[in-house]
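In this text, all values refer to a predicted model and were calculated from it rather than measured experimentally.
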Amino acid sequence: MTRLLKGRIALLATSNVHKFNEARRILSEHGIATAMLKNIRAVEIQDDDIENIAKARAMNAFEKCRLPIVVEDAGLFIRKLANFPGPYSSYVYRTIGNDGLLKLMENVPDRRACFRSVVAFLSPMIHTPICFNGEVEGRITEEKLGQQGFGFDPIFEPSHSSKTYGQMTVEEKNQLSHRASSFRGFAKFYKG
Ligand code: ITT
């Protein structure tokens, strides 16, 4: 089974359909089909480092299905807020959301932030997860802009862009995003 999948089909354990869609398009550029494993609820540990979270989730998901598995963990790190929400991005989005973050950033001139993504891959052939990182610098806008995408997309404007992620199509976001970069790293490895 592992050999059959290798380089052709990636099994992505996620509950986030937007994340799946972005990843699917990137991997398809490399001739890799992607399947969404929605029901493998990998336990999310608490850790300051999203790479540790991604690794733990990959091990947990692998234990459940015993198949080559891909997970991705991402977070928004705001410099002036001591890198908050970072590994707590999911909780913060669900609770205070974009409006809450904009409130915290009111009258803060230094709006630098970055998005980070870690893809972790584990299969029966390897013993510890292999990770691929992606990072994009940018800024938190003063207001929500755009209705595309998900999560913090409307308040994050990547450097060298005049649009927020929320104003970009998936294709545009995939040209430069943190996720595109980590999944492209994974794709090269998976094909190789
Ligand atoms: P999983 O099932 O794959 O864990 P998730 O939505 O919980 O899906 P993450 O833990 O990777 O995904 O991301 C945490 C949160 O960070 C997520 O719920 C979004 O609110 C936000 N986020 C992650 N990637 C993002 C992106 O590309 N654009 C905007 N917000 C993003």
Side-chain angles (χ1 to χ4, degrees), residues 1-76 85-95 115-136 148-153 165 168-171 173-192:
M1 183 66 148
T2 303
R3 280 181 212 289
L4 217 82
L5 295 173
K6 174 88 171 95
R8 297 180 200 188
I9 302 173
L11 307 178
L12 177 60
T14 181
S15 57
N16 185 327
V17 74
H18 300 279
K19 177 188 282 195
F20 169 73
N21 252 324
E22 290 178 17
R24 179 177 63 81
R25 285 171 192 241
I26 297 156
L27 295 179
S28 75
E29 290 166 11
H30 297 262
I32 302 167
T34 313
M36 179 175 181
L37 298 192
K38 205 173 171 181
N39 294 327
I40 301 213
R41 297 285 323 153
V43 176
E44 200 149 313
I45 60 154
Q46 294 281 301
D47 197 291
D48 289 347
D49 183 351
I50 63 168
E51 182 161 326
N52 290 339
I53 298 174
K55 280 182 179 167
R57 285 184 56 207
M59 289 191 283
N60 187 262
F62 178 73
E63 266 166 36
K64 288 180 176 158
C65 67
R66 298 272 150 198
L67 288 168
I69 196 85
V70 182
V71 303
E72 187 244 15
D73 213 80
L76 175 67
Y88 310 104
S89 291
S90 181
Y91 176 74
V92 169
Y93 183 73
R94 273 186 283 116
T95 51
F115 251 118
R116 289 190 196 132
S117 157
V118 179
V119 170
F121 172 73
L122 189 56
S123 85
M125 321 280 277
I126 52 179
H127 298 292
T128 48
I130 302 178
C131 292
F132 305 86
N133 288 269
E135 187 169 325
V136 165
Q148 314 212 54
F150 69 102
F152 304 118
D153 280 349
Y165 274 170
M168 296 180 188
T169 61
V170 174
E171 287 81 5
K173 185 177 171 187
N174 274 352
Q175 304 256 319
L176 48 77
S177 83
H178 54 299
R179 179 161 299 108
S181 165
S182 58
F183 271 99
R184 286 201 176 102
F186 165 71
K188 283 194 193 114
F189 153 83
Y190 202 50
K191 288 302 276 185

Asp47 versus Pro87, closest heavy-atom pair with distance: O-CB, 3.2 Å
Working for side-chain contact (heavy atoms from CB on, under 4.5 Å), residues Asp48 and Tyr88: CA-CA 9 Å; Asp48 289 347; Tyr88 310 104; 3.5 Å; yes
Sub-6.0 Å ring centroid separation between Tyr165 and His178: yes
Heavy-atom pair with the smallest gap, counting every atom of Asn174 and Glu22: ND2-O, 3.3 Å
Arg57 versus Asn60, side-chain donor and acceptor atoms under 3.5 Å: no
side-chain contact (heavy atoms from CB on, under 4.5 Å) partner of Leu12, chosen from Val119, Val70, Ile69: Val70
Distance (rounded to the nearest 0.5 Å) between Ile50 CD1 and Asp73 CG: 5.5 Å
Within 6.0 angstrom of Lys188 NZ, more than 12 heavy atoms from elsewhere: no
pair Arg184-Glu29: side-chain heavy atoms closer than 4.5 Å: yes
Lys/Arg N to Asp/Glu carboxylate O, Arg116 vs Glu51, below 4.0 Å: no
CA sep, side-chain torsions, deciding dist, call: Thr128, Lys55, side-chain contact (heavy atoms from CB on, under 4.5 Å): CA-CA 8 Å; Thr128 48; Lys55 280 182 179 167; over 6 Å; no
Donor on one side chain, acceptor on other, Thr14 and Glu72, under 3.5 Å: no
Spatial distance of atom CZ (Phe183) from atom CZ (Arg25) [nearest 0.5 Å]: 14.5 Å
Qualifying residue, where the test is side chain to side chain donor-acceptor pair (under 3.5 Å) with Asp153 and the options are Lys173, Gln148, His18: Lys173
Residue pair Ser89 / Gly75: nearest heavy atoms and the distance that separates them: OG-CA, 3.4 Å
Derivation of the side-chain contact (heavy atoms from CB on, under 4.5 Å) call for Met168 and Leu176: CA-CA 11 Å; Met168 296 180 188; Leu176 48 77; 4.3 Å; yes
Exercise: identify the closest heavy-atom pair between Met59 and Pro129: CG-CG, 3.7 Å
side-chain contact (heavy atoms from CB on, under 4.5 Å) between Leu27 and Phe186, intermediate numbers included: CA-CA 9 Å; Leu27 295 179; Phe186 165 71; 3.9 Å; yes
Shortest non-hydrogen contact from Arg179 toward Phe150: NH1-CZ, 3.7 Å
Euclidean distance, Arg8 CZ relative to Lys191 NZ, rounded to 0.5 Å: 8.5 Å
Distance in Å, Leu122 CG paired with Cys65 SG, rounded so as to fall on 0.5 Å steps: 9.0 Å
Ala120 versus Ala54, closest heavy-atom pair with distance: CB-O, 3.6 Å
Nearest-0.5 Å distance that lies between atom OG in Ser181 and atom CZ in Phe132: 11.5 Å
